[in-house]
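Heads up: the structure comes next, in structure tokens.
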Amino acid sequence: MAASADLRSRAQQLREEIARHDHAYYVLDAPTIPDVEYDRLFRELQQLEERHPELISPDSPTQRVGGARRADLPAVRHAVPMLSIHTETDSGPGGAIAFDARIRRKLGLGDGDPPVEYVAELKFDGVAISLRYEHGLLARAATRGDGETGEDVTPNLRTIRSVPLRLATAVAPPVLEVRGEVFMRRDAFEMLNERQRAAGEKVFVNPRNAAAGFVRQLDATVTASRPLTFCAYGLGEVVGWPLPATHGQVLDALVAFGIPVSSRRAVAHGPQGLVDFHASIAAARDALPFDIDGVVYKVNSLELQRRLGFVTREPAWAVAHKFPAQEELTRVLGIEVQVGRTGKLTPVARLEPVFVGGVTVSNATLHNEDFVRSLDVRIGDTVTVRRAGDVIPQIVSVVAERRQQGTVSFQMPAACPVCGSAVVRDEAEKDHRCSGGLYCPAQCKQALLHFAGRRAMDIEGLGEKLVDQLVDGGLVRSPVDLFRLDRDALAALERMAEKSAANVLAAIEKAKATTLARFIFALGIRHVGERTARDLASHFGSLDGLLAADQARLLEVADVGPVVAASIVGFFAEPHNREAIAQLQAAGVHWPDGKLHADVRARPLAGMTFVLTGTLPTLTREQAIELIVAAGGRVSGSVSKKTSVVVAGEDAGSKLDRARTLGVRAIDESELRRLVEGT
DNA sequence: GATCCTCGAGTTCT
DNA sequence: CTCGAGGATC
């Protein structure tokens, strides 16, 4: 079948586009599109050329393994070519099963034959490097380049501490080429970008690009200041060293030579072994201190590897099995503006749903006007969305070359999108706010949700849906209205039968009994969160005491300064706020008089600050906090020099590490109980 | 005035 | 979880 003119021009178009991205990636170290998109273009071209071989041109990017070389680094010819590895298209378990099936077919194995033995390893997201040791000494380090010829980066690699300059062996082979990956750990990457930002320099998009940039840096002293890591996964040319029988033994031998090899490797039997490894690494992926693309499977026996050989330029005995992408391209369908409890306007991008990092993402916050401006996100733009270690999707960048004509930059509306009130910009700061106050339905709803929240009045079952119905139906306009609801009014709502109406009323009734701290928090005074509400409650002991306090009295409270004090005074100065409080009390909201027990109780933890991390064996987080606070201690969120004790449970994370480096005492739950008992 | 430590507030998806 | 900003401290 002859290729049509259409296909011919499409192939040409793809070649040009890929070449442009190659240049940006390899030469400028500034990729313009995410890898997945690049892979997609590359695959389309590959498929096109497979079906229509007459379209293949000698300069086609499919005809070489790597990318363009940088002219100013010396070229190195690889004695044994550095090949790329085939990527399985199915990123689910099917990928592993398909690979195993292919291997068995090629080896002529039937159903009765035993499972094939594999080695499964991590696929690092870094830069492929070949290290050449001659008589035990590091003689040359080179990048992959186009697979045949790479670049000499010996001075740079010498600065990487995990790369041994001499093999740890008495008798070293005349030639031993080790292949592996150089990458940057995530914590090192974060610190690097922090410094870049502070210095006003450009920040790196991801750890891989940072690593690539430094490996190919001309000035080795710059590379030396970057914490790069090396991990080996195979061999190149070998002279005078007898190869063992399996790939697993090769890796073990490298370890014995003092070469770093990831300990996250395993011998796996048959497809199930591969699927299990893939699943266990996928589960551990976010917890790893570095980025990986996926995993790699290799037939363990070197003899079988020789029998399987190569297909085109890829080894038939190995495959990369990638994870779902953590970065994807999608389109901005619109930019909506949400109104929060405090009236803050938050622009949110509505996205064409896209599967990234294991979930479908359709929204991403744009924080504020400045954030939108700095990225210059516009409706209709193609953007990169990331969902990395953290959970919250974010827009990373806009693909400038995909911008359509006639788009306009985003502007905050002058009127509140919900109530139409004027929008004001906070005292020379970043945030815009709706001036409508509680007359704005959005703010009213958020205030109600806050009031009913678990940490505030804790009214069970009063969620977003119900609040929407109550406010839109005109039944409720302020918290006190909740306590005036009756069964008939509720029953008039959709999807609200006898039973659920009774449940809601019971929950509201139950919530009337609360604590002073919860009540103060529930009011939603600006700058008064859970913590400050608790401090205010224990300092004044009663609501009347707080209501009577002036600015000076408030400043006596720990952690209350002029801004917070002014906010509190301002809130209580509003007649309608005082009236609302009186009405709530009249409706039956009450709390125990805190002053009575506070002094009677023993406070063995007075003056101590605790930080909780991990999961405790029997206590929930909330129970543990209650226990500590009841005994007179404080609980805070992050570890610092001021922290007295860190209470660590199962899966304790970075907070425990930090406690160790700061020399802060760490205890477990049983020890906490003993402290609370005062023993 | 600078720096560190916290807290408040907003956010996504299942 | 992360950003921004208030408060405390030196």
Side-chain angles (χ1 to χ4, degrees), chain A residues 186 190 193-194 197-198 286-287 324 326 330 336-351 353-371 374 385-396 426-434 442-443 445-447 449-450 453 455-456 463-464 517 520-536 551 554-568 571 609-613 621 625 634-644 653-655 658-659 662 664:
Chain A
R186 275 202 285 264
E190 298 300 338
N193 265 355
E194 193 100 341
R197 250 192 300 275
D286 285 347
Q326 305 219 15
T330 190
E336 273 177 31
V337 176
Q338 288 179 353
V339 183
R341 172 166 66 86
T342 61
K344 189 194 161 198
L345 300 188
T346 308
V348 175
R350 301 283 170 227
L351 306 170
V354 62
F355 192 74
V356 51
V359 296
T360 303
V361 169
S362 44
N363 301 306
T365 178
L366 294 168
H367 304 295
N368 54 48
E369 194 181 44
D370 286 2
F371 184 88
S374 67
V385 178
R386 180 176 10 186
R387 192 171 175 277
D390 47 329
V391 194
I392 315 244
Q394 46 179 171
I395 292 182
V396 182
D426 246 22
E427 320 85 49
E429 282 312 323
K430 294 192 162 182
D431 294 345
H432 289 72
R433 304 199 117 82
C434 159
Q443 290 188 56
K445 286 174 186 174
Q446 292 297 320
L449 282 171
H450 173 78
R455 327 192 78 109
E464 205 173 325
I520 295 170
F521 176 55
L523 293 174
I525 305 167
R526 264 251 264 168
H527 298 123
V528 177
E530 208 180 353
R531 181 56 169 269
T532 309
R534 216 154 55 207
D535 288 346
L536 290 171
Q551 175 106 11
L554 287 165
L555 287 172
E556 291 168 9
V557 181
D559 297 327
V560 173
V563 176
V564 178
S567 169
I568 297 169
F571 183 89
T609 303
F610 290 75
V611 173
L612 300 168
T613 179
R621 210 182 163 71
I625 292 173
R634 286 172 74 91
V635 177
S636 83
S638 57
V639 182
S640 71
K641 282 186 299 195
K642 292 183 179 172
T643 309
S644 325
S654 58
K655 289 181 196 170
R658 192 164 155 71
L662 288 175
V664 172

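Each chain gets a letter, A, B and so on, in the order its sequence line appears, and its residues count up from 1.
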Integer-rounded Å distance: [N] [atom2] and [X] [atom1]:
| X | N | atom1 | atom2 | answer |
| --- | --- | --- | --- | --- |
| A:His450 | B:dA9 | NE2 | C1' | 10 Å |
| A:Asn368 | C:dC3 | CG | C1' | 10 Å |
| A:Gln394 | C:dT2 | CD | P | 9 Å |
| A:Phe371 | B:dG10 | CZ | P | 17 Å |
| A:Arg350 | B:dT11 | CZ | P | 10 Å |
| A:Arg534 | B:dT6 | CZ | P | 14 Å |
| A:Asp559 | B:dG8 | CG | P | 9 Å |
| A:Leu449 | B:dG10 | CG | P | 12 Å |

Where the side chain of [X] is defined as all heavy atoms beyond and including C-beta, which of [options] is the nearest nucleotide?
| X | options | result |
| --- | --- | --- |
| A:Arg531 | B:dC13, B:dC7, B:dG10 | B:dC7 |
| A:Val348 | B:dT12, B:dA9, B:dC13 | B:dT12 |
| A:Thr342 | C:dG6, B:dG10, B:dT12 | B:dG10 |
| A:His527 | C:dG6, B:dC13, B:dT11 | C:dG6 |
| A:Thr360 | B:dT6, B:dT14, B:dA9 | B:dT14 |
| A:Pro562 | B:dG10, B:dT14, C:dG7 | C:dG7 |
| A:Thr532 | B:dA9, B:dC7, B:dT11 | B:dC7 |
| A:Val563 | C:dG6, B:dG10, B:dT14 | C:dG6 |

Does the [X] side chain pair with the main chain of [Y], one donor and one acceptor, at a distance under 3.5 Å?
| X | Y | result |
| --- | --- | --- |
| A:Thr360 | A:Pro353 | no |
| A:Ser644 | A:Thr609 | yes |
| A:Arg534 | A:Phe521 | no |

Point-to-point distance, once rounded to the nearest 0.5 Å, from CD of A:Gln338 to CG of A:Leu345: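 Reported to 0.5 Å precision, the distance equals 10.5 Å.
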
OP1 or OP2 of [N] versus the side-chain N and O atoms of [X]: is any pair under 4.0 Å?
| X | N | answer |
| --- | --- | --- |
| A:Gln446 | B:dA9 | no |
| A:Ser362 | B:dC13 | yes |
| A:Thr346 | B:dT11 | yes |

Verify the neighbour count for atom CD of A:Gln551: are there more than 12 heavy atoms of other residues, nucleotides or ligands below 6.0 Å?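 Yes, because the 6.0 Å sphere around CD of A:Gln551 holds more than 12 heavy atoms from other groups.
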
With DNA chain B as reference, determine whether A:Lys344 or A:Asn363 sits nearer its 5' end, using the nearest nucleotide of each.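 Comparing both residues, the 5'-ward one is A:Lys344.
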
